[in-house]
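Just so you know, ligand 1 is whichever comes first in the structure, and atom 1 is the first atom listed for that ligand.
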Amino acid sequence: MELLTEIPVRRVTYSRIQEVNFNRLEFGKYVSDHMLVCDYDHGSWHTPHILPYSNLSLSPSTLALHYGQTVFEGMKAFRMEDGRINIFRAERHHERFVRSLDRMCMPAVPRHIFIEGLQQLVKLDKAWVPFQPASLYIRPFMFATETTFGVKVSDEYRFIVFTAPVPALFNEPIKVKVETEYIRAAKGGTGFAKCGGNYGGSLYATQKAKAEGYDQVLWTDAHQNKYIEESGFMNVMFVLDDVLVTPPVSDSILDGITRDSLLTLAKELDIKTEERPVSINELQNAFERGKITEAFGTGTAAVVAPIKTIGINGNDLHLPAYNADSVMNKLKHELESIRLGVTDDRHGWNYVL
Ligand SMILES: Cc1ncc(COP(=O)(O)O)c(C=O)c1O
């Protein structure tokens, strides 16, 4: 691996960490002291810098503000039982970031800038990494910075990483609505990429579902509105006839790293898994026959988000209560044990600092 020398750092003169109540964290409320910034222009990357977290100054004609060339990642660092810190599956997040960038005609951030940048940033702000089940959320993102207001592929970009202590999320089971009017992603579109537009475009249907008393939507395919794709901003899994079933990743479904991790662990725990399309009809039949026992979202923010109710065409179908023996909770426990360092990290997922 091409190693960077120490990244130049301008430290804060005053740390904001005293302002954080680590017993009452809220997602998105606090950010750590420093951020990593690296600019791209004339076909090459500049030297990254670590700076105090601060506002940006942008021209109103900055391209990203108009035409949406923005891509992000969402990943986490964990404090292990022995006090060391690991960044979970950093390599895989980098690979996905590069795939997203490619789809948006944006240059790849080199692996050494991404991985070592994260590593040095998290090390510098290590006091901000809370004890599990809380964690340090890491937000790498990149946007087009060229200042011109004609539609074009930008020639200039900024890559930034900031971090934030966050609590464990979604402990309460949620109510989801199968969405058949609005879509998140279509074949040939950008659904597999973590580009900003996918999220902006999802808000309307989500707001409508919330107004109807649901917490999130279950997206269906854009072609027939027949097959389940994702759960809000997460992948989705079902336990149908004792088999863990999840829709296959495609160009309209994000290749979730939690999804991949849980499928890997399920196979090791001798839980039968299937990656195949799941139709609304199949779900309805499974409810009628009492063959659906679990449904849950999977993602970095929550690991698993249990679903208690699925609304299909105005009909609310209820799942049985979950307990420690639920497939979802067994998988979550196994994943958390690896992150804590109490179970062997046999897949090399923990990037220990
Ligand atoms: C649309 C979407 N699907 C799925 C996921 C889950 O992916 P991961 O497990 O890598 O967090 C996310 C979150 O990153 C997401 O935004």
For [X], is at least one N or O under 3.5 Å away from an N or O on ligand 1?
| X | result |
| --- | --- |
| Glu230 | yes |
| Gly256 | no |
| Arg259 | no |
| Asp255 | no |
| His93 | no |
| Tyr199 | yes |

Logged contact type for Asn198 with ligand 1, heavy-atom cut-off 4.0 Å, is neither
Contact partition for Leu254 relative to ligand 1, non-hydrogen atoms under 4.0 Å: side chain
Think Lys175 forms a cation-pi with Tyr214, using NZ or CZ under 6.0 Å from the six-ring centre and within 45 degrees of its axis? yes
With heavy atoms of [X] as the reference, note each atom of ligand 1 found under 4.0 Å away.
| X | result |
| --- | --- |
| Arg96 | 7 (O), 8 (P), 10 (O) |
| Thr298 | 6 (C) |
| Gly299 | 6 (C), 9 (O), 11 (O) |

Nearest non-hydrogen contact to atom 13 (C) of ligand 1 from the set Lys76, Met234, Lys194 belongs to Lys194
Which residue supplies the protein heavy atom nearest to [atom], what is that atom called, and how far is it?
| atom | value |
| --- | --- |
| atom 12 (C) of ligand 1 | Phe233 O, 3.1 Å |
| atom 9 (O) of ligand 1 | Thr258 OG1, 2.6 Å |
| atom 11 (O) of ligand 1 | Thr300 OG1, 2.6 Å |

Arg339 and Asp345 ion-paired at < 4.0 Å: no
Hey, is Arg111 close enough to Glu95 for a salt bridge, meaning N to O under 4.0 Å? no
Check: Ser231 side chain, Met234 main-chain N or O, donor-acceptor pair, under 3.5 Å: no
Asp255 (side chain) donor-acceptor with Arg96 (main chain) under 3.5 angstrom: no
Ring-ring centroid check [X] [Y], cutoff 6.0 Å:
| X | Y | result |
| --- | --- | --- |
| Phe233 | Tyr199 | yes |
| Phe131 | Phe22 | no |
| Tyr351 | Phe88 | no |

Would Arg184 count as a contact residue for ligand 1, given that I'm defining contact as a non-hydrogen atom of the residue lying under 4.0 Å from a ligand atom? yes
Sort out for me which residue in Phe141, Phe159, Phe72 forms a ring pair (Phe, Tyr, Trp, His ring centres under 6.0 Å) with Phe97. Phe159
Could you check whether atom CZ of Arg11 has more than 12 heavy atoms from other residues, nucleotides or ligands sitting under 6.0 Å from it? no
